[in-house]
2 protein chains.
Amino acid sequence: MFGFTTISVDSKGRLAIPAKYREQLLVQNEENIVVTRDPQYPALKIYPGSIWNKISMELQGLQGLDPIVRNLQWTILGNASVSSFDPNSRMLVLLSSELREYAEISKSAKVSIIGMGNKFEVWNEKNWEMRQTGGALSTEILEVVLPESLKTISF
Amino acid sequence: MFGFTTISVDSKGRLAIPAKYREQLLVQNEENIVVTRDPQYPALKIYPGSIWNKISMELQGLQGLDPIVRNLQWTILGNASVSSFDPNSRMLVLLSSELREYAEISKSAKVSIIGMGNKFEVWNEKNWEMRQTGGALSTEILEVVLPESLKTISF
DNA sequence: AAATGAGTTGATCTATAAGCCGGATTCTGT
DNA sequence: ACAGAATCCGGCTTATAGATCAACTCATTT
């Protein structure tokens, strides 16, 4: 699950996972994926099911009165949605309007999919280019100072 | 039990648990849920039965002289009410007027339901939006400094 | 150049949220 | 204790969002 592709979101906000990524999911016996927000950047994250289980369990285990922890739980857990292979062994992800807003992805937009090994990131194509060239992103980047309890979790 | 939806409370103050959450409850063999107050924010919390049992047992087990502990016991235990699947395998939650007051949810209001994995949060839609965008909530947020005895409980 | 596979788009169908209504039960005030 | 009012609870209907299915176009390969 490495590499980089640019595909387009359709007029209904659907994102089709490219074949080369689907194949790798199959090889790893992953039956579904989870889309959620990146906690820092205007981007989306896609985790294979097993990875997501690990991360979400760790997040849920943290005691929830610390405002920083709750913020992470809200953004990561609260925005997650699961998708599976359809009968044609394709994989369509319906991006909610909230997710699209966060990541600045309008309907019919072009997005970059970045394979990070055990996860993907989905960026608005322009934002990704700017990030690569060091330009400023239009969205304010959240200041996230991780408490010790979170240092062991790799999102 | 991830992701978030916005649904509406009916004219009688009832909240219908959306299908995608109900399915998860069924998968986990949860027969009922418990609604109560969030101790910090103007919001409600919904726990699956087994999770609630665990939390309420832990809370009850704490010694009751610490004012913070007693406050948590009052707000969380004292406001709890149970709901189950109805004969049509739907799930309607009747929100008491007290709960609705705390969470600023009027009858026929729109609310956001945030799935946090092992629990839900229910917010007045506007308050949730404001929280997301960093705006000020109309209700004073409680200052909660957790004593050591509570560090292990994740509400 | 044909054929195969993949990305994209459009159309259809189903499940469900939400509104409405009527009856039952509880509460309240006299 | 009774009557009236308010609250609670289930069934039914309808508009809609989401899932499924099908088809088209483009690209790559042989």
Side-chain angles (χ1 to χ4, degrees), chain A residues 1 3-27 31-36 46 79-101 105-115 120 122 124-125, chain B residues 1-27 32-33 35 46 81-101 105-115 120 122-125 128:
Chain A
M1 304 198 320
F4 164 94
T5 324
T6 142
I7 60 174
S8 56
V9 175
D10 70 18
S11 59
K12 296 178 184 176
R14 294 176 296 186
L15 181 75
I17 306 296
K20 63 173 177 178
Y21 297 126
R22 288 202 313 263
E23 286 164 14
Q24 300 185 43
L25 289 170
L26 282 175
V27 168
E31 292 177 352
N32 42 44
I33 57 175
V34 177
V35 196
T36 188
I46 297 183
N79 284 293
S81 88
V82 185
S83 306
S84 327
F85 285 96
D86 66 16
N88 308 323
S89 49
R90 304 283 177 92
M91 212 176 224
L92 275 184
V93 180
L94 181 64
L95 303 180
S96 67
S97 54
E98 291 82 13
L99 282 179
R100 291 204 321 275
E101 255 177 53
I105 296 170
S106 57
K107 288 177 175 174
S108 306
K110 292 224 173 295
V111 296
S112 297
I113 299 191
I114 299 97
F120 308 107
V122 181
N124 164 319
E125 192 185 29
Chain B
M1 302 197 326
F2 297 107
F4 101 81
T5 325
T6 141
I7 60 173
S8 56
V9 175
D10 70 15
S11 58
K12 297 167 185 174
R14 292 177 296 184
L15 182 75
I17 306 295
K20 64 173 177 176
Y21 299 128
R22 288 202 313 263
E23 286 165 15
Q24 295 297 316
L25 290 171
L26 282 176
V27 168
N32 42 44
I33 56 176
V35 197
I46 297 183
S81 88
V82 186
S83 307
S84 327
F85 284 97
D86 66 16
N88 307 323
S89 49
R90 304 284 172 94
M91 210 176 225
L92 274 185
V93 180
L94 179 64
L95 304 179
S96 68
S97 54
E98 291 83 13
L99 283 179
R100 282 195 283 104
E101 251 176 57
I105 296 170
S106 58
K107 289 176 174 176
S108 306
K110 291 223 172 295
V111 295
S112 296
I113 300 191
I114 298 96
F120 305 106
V122 180
W123 287 70
N124 164 319
E125 191 187 30
W128 176 249

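Here is how names work: the chains are called A, B, and so on, in the same order as the sequence lines, proteins then strands, and each is numbered from 1. Note that these values count all heavy atoms, side chains included, but never hydrogens, waters or copies made by symmetry.
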When rounded to whole Å, the CD1 to P distance for the pair B:I17 and C:dT16 reads 14 Å
Closest heavy-atom pair, A:S112 versus A:F4, reported as atoms and distance to 0.1 Å, is CB-CE1, 3.7 Å
Among the nucleotides C:dG10, C:dA17, C:dG7, whichever has the atom closest to the side chain of B:I7 is C:dA17
Taken to the nearest whole Å, NZ/A:K20 to P/C:dA6 is 13 Å
Whole-Å distance, A:K107 NZ to C:dG10 P, equals 13 Å
Nucleotide by nucleotide, nucleotides 13-30 of chain D touches protein heavy atoms under 4.0 Å in the pattern (B base, S sugar-phosphate only, - none) -----S-BS---------
Exactly one candidate in B:I113, B:V35, B:I114 meets side chain to side chain contact (heavy atoms under 4.5 Å, CB included) with B:I46; the answer is B:V35
A:E23 atom CD is separated from C:dA6 atom P, nearest whole Å, by 7 Å
Scanning both residues in full, the closest heavy-atom pair of A:S84 with A:N32 reads OG-CB, 3.9 Å
Whole-Å distance, B:L15 CG to C:dG19 P, equals 13 Å
Closest heavy-atom pair, B:K110 versus B:S8, reported as atoms and distance to 0.1 Å, is NZ-CB, 3.8 Å
- Query: With rounding to whole Å, what would you report as the distance between C:dG23 and D:dT14 at their C1' atoms?
  - Reply: 22 Å
Q: Carefully, step by step, assess B:R14 and B:D10 under the rule salt bridge (Lys or Arg N to Asp or Glu O under 4.0 Å).
A: CA-CA 5 Å; B:R14 292 177 296 184; B:D10 70 15; 2.7 Å; yes
- According to a strict under-4.0 Å criterion, is A:S11 in side-chain N/O contact with OP1 or OP2 of C:dT9? no
Residue pair B:Q24, B:F2: steps toward the side-chain contact (heavy atoms from CB on, under 4.5 Å) verdict:
CA-CA 10 Å; B:Q24 295 297 316; B:F2 297 107; over 6 Å; no
Whichever of B:A19 and A:A19 has the more 5' nearest nucleotide on DNA chain C, that residue is A:A19
